[in-house]
Structure formats: C-alpha cells, structure tokens
Amino acid sequence: MNSATVAVEVEGLKKSYGLKPILRGINLRVQAGERLALLGANGAGKTTLMRVLACLAKPGAGMVRLCGWNAECDAQEVRRLIGLVAHQPYLYEDLTAQENLEFFARMYRVSQGRARAQVLLERVGLAKRARERVRTFSRGQLQRLAWARALLHQPDILLLDEPDTGLDQQGHALIDELMAEHSARGGSTVFITHQLERALALSDQLAFLVNGRIVRNCASRELSVEALQQLYREVVR
Ligand code: ATP
C-alpha cells in the first residue's frame with residue numbers, strides 16, 4: 001500500500017490522564033477519500049483520540065501521522081491539513097461571524113479570505129447573521145459557524161466530534177452534503193457519532209472503541225442498520 005494515499009495512520013497510540021490509561025494501544029488507518037466512523041460508549045476514549053489526531057493533546061506513546069506528517073513533531077503542518085468540528089466551537093464570541101472567519105482565513109493563509117468567508121456563511125445558512133457577534137448565536141448557529149471555520153482552508157482531513165450536535169433537520173442534511181463534497185474532492189474524514197444509522201450512512205468504515213482499544217473494524221457496506229445495532233450491543237457493553 002502506498003503510504004502517500006494514507007491520510008491518517010495511528011500505531012500503538014497510548015494516552016493517560018494522570019495514572020489513568022485512556023487510550024491503550026490504538027491502531028488505525030484511514031485512506032485518502034475514506035470516511036471512518038468511531039463508535040463507542042460514553043467515556044470509551046473517542047474524544048481523547050480525536051484530540052490527539054487534532055494535535056490538541058500529546059500522545060503518551062505510539063505514532064500518529066496525518067498525510068505523512070508526524071502529529072507530534074510537525075504540529076504546525078498537521079493543523080493546516082485538518083478541519084476540526086468539536087464540542088467547543090473555537091470561535092471568538094466578541095467578533096462577528098464574518099470577522100471570525102476572516103481571522104481564521106488569515107491564520108490559514110487563505111487567499112481572498114473575505115470572499116471565502118462570505119461563500120461559507122451563505123453555504124451554512126448564516127449569511128443574514130454575518131455581522132452579528134457570535135455571543136448572540138444559538139447552539140445550532142454556533143455549530144454551523146464552526147463548520148464554516150473548519151472548511152475555510154479546504155482541509156485534507158475533517159475531524160468531527162459529534163458534528164451534528166444542536167443542528168436541526170436541515171442542518172443534518174447540510175452536513176451530509178458538506179461531508180459528501182469533502183469526500184468527492186478526495187478528503188478524508190474521521191467522525192464520532194452516537195447515532196448508528198447516521199454512522200452507517202455517512203461512513204465507509206466503522207471502528208468500535210471500547211475502554212481505550214479498537215476492538216472491531218468493519219466495512220460499512222457489509223452491514224444493515226439492524227446488523228449494526230446488533231453488533232453494537234455485542235461489542236459495546
Ligand atoms: P463521550 O461519548 O461521553 O463523549 P468519549 O468516548 O469521547 O466519551 P473521552 O472524552 O475521550 O470519552 O473520555 C475518556 C476518559 O478520559 C473519561 O473517563 C474521561 O473522564 C477521561 N478524561 C477525558 N479528558 C480528561 C482530562 N482532561 N483529564 C482527566 N481525564 C480526562
């Protein structure tokens with residue numbers, strides 16, 4: 001397998017908080033253009049794994065590479081490769097939506113940042129609120145803006161931790177489209193969801209995380225929703 005086509009590569013990843021082991025030897029591979037859904041119970045370690053992939057937490061042991069870059073040593077390069085939608089929106093409350101996106105566009109060295117910000121605000125349904133401060137936004141509007149921020153620099157890899165939190169039905173449809181567009185241009189995605197039906201519909205590959213270990217991997221196309229529900233009950237206790 002050509003390593004250039006591997007977007008996310010994790011080998012023997014361990015991570016503890018204090019004396020408590022959280023990730024206990026994770027191995028993972030996501031190819032360019034592939035979508036991986038991470039499934040698991042509350043507290044299994046999914047967000048911790050996502051934070052390590054996003055260079056927000058350091059690995060305790062093991063290797064994490066994104067598009068060939070080492071997440072620990074080349075964190076600057078890795079941050080430019082990834083778009084993150086996480087529990088925190090990573091937005092400035094006292095800036096307007098437009099100002100936030102222009103700020104991040106400068107940070108990511110996106111050319112014509114103002115125009116790109118306007119396009120994305122339109123795309124996520126926030127054009128009318130472009131000039132309002134983020135502190136006045138609802139939960140779902142914040143999530144939409146977080147999506148716009150994550151997509152600004154056309155990242156190679158999307159890291160999505162429960163990306164539909166707070167979104168209405170139209171919002172769900174919107175992120176399905178955004179994820180499909182990202183895949184269509186060859187981007188890879190790792191996402192966390194507790195909604196099995198959506199996990200199946202939006203992924204190529206599923207990984208079950210139990211107590212800090214990936215205990216099962218499978219191809220999404222091999223499973224029906226019922227089979228996935230059954231498998232989840234068996235694997236995630
Ligand atoms: P959920 O489905 O509830 O979001 P998760 O699988 O994403 O759960 P994590 O958030 O990765 O789980 O948490 C895994 C474990 O790590 C939990 O026991 C949690 O208490 C612990 N943990 C997470 N962050 C910290 C931290 N900063 N300090 C100490 N312990 C932490």
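These numbers come from the heavy atoms of this one structure, side chains and all, not from hydrogens, waters or symmetry mates. Whatever order the structure lists them in is the order used to number ligands and atoms, beginning at 1. This one's a predicted model, so the numbers in the text were calculated from it and none came from an experiment.
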### Task
Run through Arg51, Gln88, His87 and flag the one making a side-chain hydrogen bond (donor to acceptor under 3.5 Å, both in side chains) with Asp161.
His87
### Task
Determine yes or no for a side-chain-to-main-chain donor-acceptor pair under 3.5 angstrom, with Arg149 supplying the side chain and Asn100 the backbone.
no
### Message
What protein heavy atom lies closest to atom 23 (C) of ligand 1? Include the residue and the distance to one decimal.
### Response
Tyr17 CE1, 3.6 Å
#### Entry: Within-cut-off N or O pair, His87 and ligand 1, under 3.5 Å
no
#### Entry: Test item: Ser203 side-chain N/O and Arg35 main-chain N/O as donor-acceptor pair under 3.5 Å
no
### Task
Measure up the Tyr92 and Phe104 rings against each other and bin them: parallel (under 30°), tilted (30 to 60°), perpendicular (over 60°).
parallel
### Query
Out of Thr47, Leu209, Asp161, whose heavy atom sits nearest atom 10 (O) of ligand 1?
Thr47
### Query
Has the side chain of Arg116 got a donor or acceptor atom that lies under 3.5 Å from a matching backbone atom of Ser111?
no
### Query
Which is closest to atom 14 (C) of ligand 1 by heavy-atom distance: Gly43, Gly212, Ala44?
Gly43
### Message
Looking at ligand 1, is there an atom of it that comes within less than 4.0 Å of some heavy atom belonging to Ala41?
### Response
yes
### Nearest non-hydrogen protein atom, atom 19 (C) of ligand 1
Lys20 NZ, 4.6 Å
### Task
May I ask whether atom 31 (C) of ligand 1 is less than 4.0 Å from at least one protein heavy atom?
yes
### Query
Any donor-acceptor pair under 3.5 Å linking the side chain of Thr193 with the backbone of Ala199?
no
### Side-chain donor/acceptor of Asn70 to backbone N/O of Cys73, under 3.5 Å
yes
### Message
Within the structure, is a non-hydrogen atom of Gly40 found at a distance of less than 4.0 Å from ligand 1?
### Response
no
### His194 touching ligand 1 at heavy-atom level, < 4.0 angstrom
yes
### Summary
Looking only at protein heavy atoms, what sits closest to atom 4 (O) of ligand 1 is Glu162 OE2, 3.8 Å
### Query
Should the pair Lys46-Glu162 be classified as a salt bridge under the 4.0 Å nitrogen-to-oxygen rule?
no
### Task
For ligand 1, note which part of Asn42 has a heavy atom under 4.0 Å away: side chain, backbone, both or neither.
both
